[in-house]
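Read through the structure below, which is laid out as structure tokens, and then see the notes.
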Amino acid sequence: MSARGLDQAQGAPDPPPCDPPPVSAIAEADGGAVLDHLARSARDLVRRVADGGPHAAEGVAMRPVASNLTPSGAAVEAAFVWGGVGPDGRPDCDPRISLDPLPGGAPSGRLAAALALVRAAGPARLSVQQQMLAAEVAEWQASSPGRYGAWAGLRAGAVARAPDSGPPPLAAKLYLELPERAREAACALEQRLAGTPPVLGGRGIRPTMLGLDPKNGGVEVYYRCDRLFPGDLDTLMRRFRLPERAGEVVALIERLTRRSVRLELPSWDVGFSIAYGTREEGVRPAPAVFTFYSNAASLLGPDERVRCALMREGRVRDWDMTPYAALHARTPEAIPGEAPLQCHGLVGAVLPSGGDMRVTATLALPRAFGCRARGDAMPAQPGSLPQAHAAEGREEPGHG
């Protein structure tokens, strides 16, 4: 980034700290209406799975518990991806959600519930290739249990619709934990998908999660790593035969943090993912998207600083920030005498092959949006929880 560009970013005023859009703006904005639909659908799907699933008894006995999906303990998390273009040709915020299908449940129960939820979400089914991968990971989890087992994700189905044709159809995604104790097998799997040997052996890179998208047959591998230097990002992209675009990621970090990046990237909790295109029989899947993630608190600090940084970027880029700002205004307040809950999870840069960079951020949903575990309201109390997404190399989801 040029010195002039960095000066301009540093000189941009912060958004007002106490001027959020009204709560009604979540549903009134296009992206907010989609987010509202996804959250309600998630709640209904979780209820349906709990009522009819093999772990219903576990759900009945379950008291409200904090989920380790998010730092705040929320069981549902929104992800916004800015920088794309909506059907009307205007910039959109492309929301999607990730959820814990069985808060407080054992990893095996979460895996079963996530599979049931993905099946119930829509007509798309895992491909044969995806089923084989899921079965392989399930075997690892059976012998080497991890922390959470699986999550589920929902987003609006990408189909053309008339303006008043009702809510969009659902598209689901399955996220499978790659247990730490199965690291050797997980590394073999990711190398099999990549078709190239690992790089940057001194950076502690390890695959931690697998994403399976039934709608397009896609596979995504999520990694966690130690601290990175800017040049490391280009090295990683070269390994996956993707264009070298570290400069774009560094420029975004400099704008968000308002500081120059000279040596290491200024976050101690980072990861990335590689999304592979649809597999065709006899054809090796090609890497299609590289996403860099950072724990939002590690990169930018408390929630208000994260909000200000994202809102500044959104103003400059003319993004639709209304649903994000309205949702942030509803995040839980700190409990008196206790440390405030961190509601942001991740901030990231999405780099599709041949496309413009997009920016993603995740935000825990408040109780009103929460899914329920057998009728119990989503908890608001904090727990001693790790940062689930960056610590496990996730996304949110980020881009989906």
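All heavy atoms count here, side chains included; hydrogens, waters and symmetry mates do not. Since the structure is predicted, the reported quantities are computational estimates derived from the model, not experimental observations.
- Distance alone, capped at 3.5 Å, is enough to place a donor-acceptor pair between the S67 side chain and the L69 backbone.
- Taking CZ from R258 and SG from C308, the interatomic distance works out to 8.0 Å, rounded to the nearest 0.5 Å.
- For P302, the side-chain contact (heavy atoms from CB on, under 4.5 Å) partners are R305, not counting sequence neighbours.
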Yes or no on side chain to side chain contact (heavy atoms under 4.5 Å, CB included) for V81 and V359, after CA distance, side-chain angles and deciding distance?
-> CA-CA 6 Å; V81 182; V359 176; over 6 Å; no
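- At distances below 3.5 Å, not a single donor-acceptor pair connects side-chain atoms of R40 with backbone N or O atoms of L38.
- In this view, R245 and E248 satisfy the salt bridge (charged side-chain N to carboxylate O under 4.0 Å, His left out) rule, not counting sequence neighbours.
- Looking at residues two or more places apart in sequence or on another chain, you find a side chain to side chain donor-acceptor pair (under 3.5 Å) between E180 and R183.
- H344 and R307 make their closest contact through CE1-N, 4.1 Å (heavy atoms, listed as atom of the first residue, atom of the second, distance).
- To the nearest 0.5 Å, atom CG of residue L170 and atom CG of residue D44 are 10.0 Å apart.
- For the pair E177 (side chain) and Y148 (backbone), a donor-acceptor distance under 3.5 Å is present.
- The minimum heavy-atom distance linking C343 with D303 is given by the pair N-OD2, 2.8 Å.
- Scanning both residues, P101 and V46, for their nearest heavy atoms gives O-CG1, 3.8 Å.
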Working for salt bridge (Lys or Arg N to Asp or Glu O under 4.0 Å), residues R262 and E254 | CA-CA 10 Å; R262 300 302 184 192; E254 290 183 329; 5.5 Å; no
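- Closest approach of W151 to L174, counting heavy atoms only: O-CD1, 3.9 Å.
- Between the side chain of R239 and the backbone N or O of P197 there is at least one donor-acceptor pair closer than 3.5 Å.
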Check step by step if side chain to side chain contact (heavy atoms under 4.5 Å, CB included) holds for R110 and D100.
-> CA-CA 8 Å; R110 280 178 168 143; D100 180 346; 2.8 Å; yes
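- At least one donor-acceptor pair closer than 3.5 Å links the side chain of Q130 to the backbone N or O of S127.
- Residues that satisfy the side-chain contact (heavy atoms from CB on, under 4.5 Å) test with S298, not counting sequence neighbours, are S267, W268, D269, N295.
- Contacts of D226 classified as salt bridge (charged side-chain N to carboxylate O under 4.0 Å, His left out), with partners at least two apart in sequence or in another chain: R206.
- A search for salt bridge (charged side-chain N to carboxylate O under 4.0 Å, His left out) contacts involving R181 returns nothing, not counting sequence neighbours.
- The shortest distance between side-chain heavy atoms of P198 and Q191 falls below 4.5 Å.
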Please step through salt bridge (Lys or Arg N to Asp or Glu O under 4.0 Å) for the pair D356 and R358, ending with a clear verdict.
-> CA-CA 6 Å; D356 294 336; R358 301 183 181 186; over 6 Å; no
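- In this structure, R241 contributes its side chain and A194 its backbone to a donor-acceptor pair below 3.5 Å.
- Side-chain atoms of W319 and C93, non-hydrogen and from C-beta on, never get closer than 4.5 Å to each other.
- Side-chain contact between L351 and T291 is absent, with no heavy atoms from C-beta onward closer than 4.5 Å.
- Contact annotation: the side chain of L327 approaches that of L365 to within less than 4.5 Å [non-hydrogen atoms, C-beta and beyond].
- Relative orientation of the W82 and F80 rings is parallel, given thresholds of 30° and 60° on the angle between their planes.
- Residues Y223 and E190 form a side-chain contact, since some pair of their non-hydrogen atoms from C-beta on lies under 4.5 Å apart.
- In this structure, L189 CG and L178 CG are separated by 7.0 Å, a value rounded to the nearest 0.5 Å.
- In this view, F292 satisfies the ring-ring contact (aromatic ring centres under 6.0 Å, His included) rule with no residue, not counting sequence neighbours.
- For the atom pair OH (Y175) and CG (L111), the distance works out to 15.5 Å, reported to the nearest 0.5 Å.
- Under the side-chain contact (heavy atoms from CB on, under 4.5 Å) criterion, P266 pairs with I253, R259, V261, L299, sequence neighbours left out.
- Every residue two or more places apart in sequence or in another chain was checked for a salt bridge (charged side-chain N to carboxylate O under 4.0 Å, His left out) with E139, and none qualifies.
- At a threshold of 4.5 Å between non-hydrogen side-chain atoms, the residues I97 and E77 do not count as touching.
- In this structure, the side chains of L228 and E264 stay at 4.5 Å or more apart for every pair of heavy atoms.
- Residues meeting the side-chain contact (heavy atoms from CB on, under 4.5 Å) test with E244, sequence neighbours left out: D234, R238.
- A distance of 10.0 Å separates CZ in R315 from CE in M321, rounded to the nearest 0.5 Å.
- Taking F290 as the reference, F272 meet the ring-ring contact (aromatic ring centres under 6.0 Å, His included) condition, with sequence neighbours excluded.
- The closest side-chain heavy-atom distance from P207 to C187 is below 4.5 Å.
- Across P287 and L242, no two heavy atoms sit closer than the pair O-CD2, 3.5 Å.
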Can E313 and L256 be said to form a side chain to side chain contact (heavy atoms under 4.5 Å, CB included), step by step?
-> CA-CA 7 Å; E313 186 75 7; L256 294 176; 4.2 Å; yes
Let me see the working for K173 and E220 under side chain to side chain contact (heavy atoms under 4.5 Å, CB included), right down to the final yes or no.
-> CA-CA 10 Å; K173 190 170 182 178; E220 190 164 2; 2.7 Å; yes
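- For the atom pair CD1 (I205) and CG (L200), the distance works out to 4.5 Å, reported to the nearest 0.5 Å.
- Between the side chain of R227 and the backbone N or O of L265 there is at least one donor-acceptor pair closer than 3.5 Å.
- For the pair S294 (side chain) and V347 (backbone), a donor-acceptor distance under 3.5 Å is absent.
- When all heavy atoms of Q131 and L126 are compared, the pair lying nearest together is NE2-O, 2.9 Å.
- Other residues sharing the hydrophobic cluster of L263, ordered by chain and number and joined by side-chain separations under 4.5 Å: F229.
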